[in-house]
Protein chains: 2
Amino acid sequence: MLKTRMQRASLVTTLLACSLYGSVHASEPASFPNAAASDPATLGWMVGAPPPPDRILRFEDGSYFQFPALRWSVSNFRQLMPTINVSRGLSAPVALPRALRSDIDNLHFMPLNGKTSMTWKESLAANYTDGIVVLHQGRIVYERYFGVLKADGQHGAMSVTKSLIGTMGATLVAEGRIDANKRVAKYVPELAQSAFGNATIRQVLDMTTGLKFSEDYADPKAEVWAHAQAGNPLPKPKDYTGPRSYYEFLQTVQPQGQHGVAFGYKTVNTDVLGWVIARVTGRNVAELLSERIWRRLGAEQDAYFSVDSIGTPFAGGGFNAGLRDLARFGEMLRNNGRYHGQQIVPKSVVDDIRRGGDKEAFAQANYTLLPGWSYRNMWWVTHNEDGAYTARGVHGQTIYIDPKAEMVIVRFASNPVAGNAANDPTSLPAYHALAQHLLAHPR
Amino acid sequence: MLKTRMQRASLVTTLLACSLYGSVHASEPASFPNAAASDPATLGWMVGAPPPPDRILRFEDGSYFQFPALRWSVSNFRQLMPTINVSRGLSAPVALPRALRSDIDNLHFMPLNGKTSMTWKESLAANYTDGIVVLHQGRIVYERYFGVLKADGQHGAMSVTKSLIGTMGATLVAEGRIDANKRVAKYVPELAQSAFGNATIRQVLDMTTGLKFSEDYADPKAEVWAHAQAGNPLPKPKDYTGPRSYYEFLQTVQPQGQHGVAFGYKTVNTDVLGWVIARVTGRNVAELLSERIWRRLGAEQDAYFSVDSIGTPFAGGGFNAGLRDLARFGEMLRNNGRYHGQQIVPKSVVDDIRRGGDKEAFAQANYTLLPGWSYRNMWWVTHNEDGAYTARGVHGQTIYIDPKAEMVIVRFASNPVAGNAANDPTSLPAYHALAQHLLAHPR
């Protein structure tokens, strides 16, 4: 039992951080119940009037983010914390054409470092999938929901959020409203004395900033805790003296190493980009995402962001959306930014993402499962033969775009292990195998 | 300055209660800035990255509900507190036909107890209107938005919520799933020892229960504070020993007087009805409202409820929706429950509302501005020559249905005075004058 308010508050920040960050490298012990045994619909979280005491999840005590409860929470963040709407507008959704295929479930692939093959269907359970949709040539060829997620529900996108923010940032660069070669302090003078002050926007977009910012959850002094506590919308403990918003926290980040040398995946880069975007456009990222993208996609649902105590949308990981709407976003990019009769994102931005970032810089971050990859405009670029690029979030959130195979996959998941090193072995080769299958059997 | 956590918490509950209840009788001093001077768009609440310190509104310290800040908050509750979605589903919205009229703004009427007439347009400012739509014969003849509310925004419906819950409750009665003559304890045994235990469902639906429940905000011991604190989703103070959810609070309500004798407008009746509905259907009121009504109205936006710390939607006053969608709901009732090709609410339920409740019981509550009215299924029934009935919430929220004039008005507002005694003099006669005008000049 945690006895003091401070201890409880610490736990909250811990769990918030675990939930919302995207860069967990260490793998945790894999002694979790499997997908069926941890099914949140079966377990009945928050069902009943009132729910049974052991099925009530609270934001304040962190219970909501302990596995397997997190399998409910990722589909219900707005019931736990304040949020800001991303309006789809009021017009009719634009239907995604459907051409479902029955030949996908039994597709075999070899997991990374594996010895026996696995079927596509098996991979969904292995990855604790909550929902997955596959578009091929713009048509839904596969779609599944598990647990408490429904087609008309919304799921946390975690660090997939970063790729949406990066896309908007790169768009503003393409439009000349942000100069990627200028320093962050030009746009946000409050960051002049922080590590970000003399970093360029390009370095922020590609996460090659040199920052003293540890996301090592095992270290109680890691900066990740202070970031999470600053962004936590709950009232602060009485004796709390730290930063009280994302913006206040970002001003405290100190330099470490040089900018522009090595890829360092740190959530705060996206928060800084969100701040720059807000300063330049006069709109926070939720408002801008609605105006620029969500209203123009023919989305079928509003989306939302979690917010801190002063209403700042969490650019680094707070986005939640419907599965199919995120697929519409991916399909728009696959079509070089053109969708639903409009150029929504400049083609040059998509080209820039597809070309990728600095492979040398990326290699220094030692992602052993991602050899030869790079990072550009907050997208992960595989540089494989299909030119695939992907958005990735903890616990298995994914947008995977394979231009050659004309395929877009969006997967929501609630893997007990946060870091994608736990998902990649049974997801990346599955995506690639499906791409090759669709290329070989286009129908 | 409030110095202690407890003092701050008390203020929060005070303001929560003031915001969400619907039965403020006392009029407060009327020394508030007018609509133009208090315009929330002009004042710039929560605008900026970050907003200026004096434009930041926080749930925890209650600043969000001080006038004029409340004029922003009523359109942005979800940014301040956790909420649960009321899905519209995924199909295309059904457009409301438009036939705008220019002859409404200059319509004159005499305010209640007034000496000089006022125009319709003047009444909007007098009532601090945030948005208003008028349907005549199913077509939008008038629509205006002010301040920060837009057509694609959502506004707190306050106690208008009660009429939606009452409509669902009466529907379950009509379907035979709830017996209105049975006692509450039959459905919710946990309430057996409370004042509600031996009240009938009918008495709850018509608020003729005898309850020791004061909504006198001037009395620090009034039960209204305990109710608000129980439902407040923020963490409770460490030394707090009271009820921690709406359901826990309802079990503490004590009897006072007899059931079935006098109308007593008390929010807790609706919370009890919400509990009965949840117990009978296995769905909370947000889920049921989506399933039974919102998905079938052709609504253009999802709606939402605020929730307590265990996820209970606030049935007594926590609903938020788009203006036009609430108009669709009103139009459905005007059409005897039939809308968009479906019978959404049984005609018998609408007939029952229109017949009204016990006028004698109502008269004992001394609403001097509402002579000859009654209350039925959580609707206010005028018994005027047009057979108008209305849903009413603090700060000026309204659905007003005039069957004879084939007119539905929905108004969202942020009047500095909570009680509708402040709104009624310049709204009720305006609605009636417009009804007569539309009858005389139907186009």
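Predicted model, so just to flag it, every value in this text is computed and none were measured. When reading the values below, keep in mind they use all heavy atoms of this one structure, side chains included, and skip hydrogens, waters and symmetry mates.
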Find the one option among [options] whose heavy-atom pairs under 4.5 Å with chain B are most numerous.
options	answer
A:N85, A:T312, A:N284, A:D302	A:N85
A:A278, A:P93, A:G311	A:P93
A:I84, A:L90, A:I56	A:L90
A:I310, A:T83, A:L80	A:T83

field: Selection from B:Q154, B:R58, B:R78, B:R279 maximising heavy-atom pairs under 4.5 Å formed with chain A
entry: B:R78
field: When B:G89, B:S87, B:A49, B:P51 are compared by non-hydrogen pairs under 4.5 Å with chain A, the top option
entry: B:A49
- prompt: Contact part of B:R324 toward chain A, heavy-atom cut-off under 4.5 Å: side chain, backbone, both or neither?
  reply: side chain
message: What part of B:S245 gets within 4.5 angstrom of chain A, counting heavy atoms only: side chain, backbone, both, or neither?
response: neither
task: To the nearest 0.5 angstrom, please state how far the CD atom of B:E300 sits from the OG atom of A:S91.
output: 10.0 Å
- request: Working to the nearest 0.5 Å, report the span between CD of A:E60 and NZ of B:K236.
  value: 7.5 Å
- prompt: Are any of the side-chain heavy atoms of A:P50 and B:Y246 separated by less than 4.5 Å?
  reply: no
A:M46 side chain reached by B:V307 side chain, heavy atoms, under 4.5 Å: no
[X] portion near chain B, given a 4.5 angstrom heavy-atom threshold:
X	result
A:E248	neither
A:A151	both
A:N76	neither

- request: May I ask you to decide whether A:R295 forms a salt bridge with B:D152, counting only side-chain N to carboxylate O separations under 4.0 Å?
  value: yes
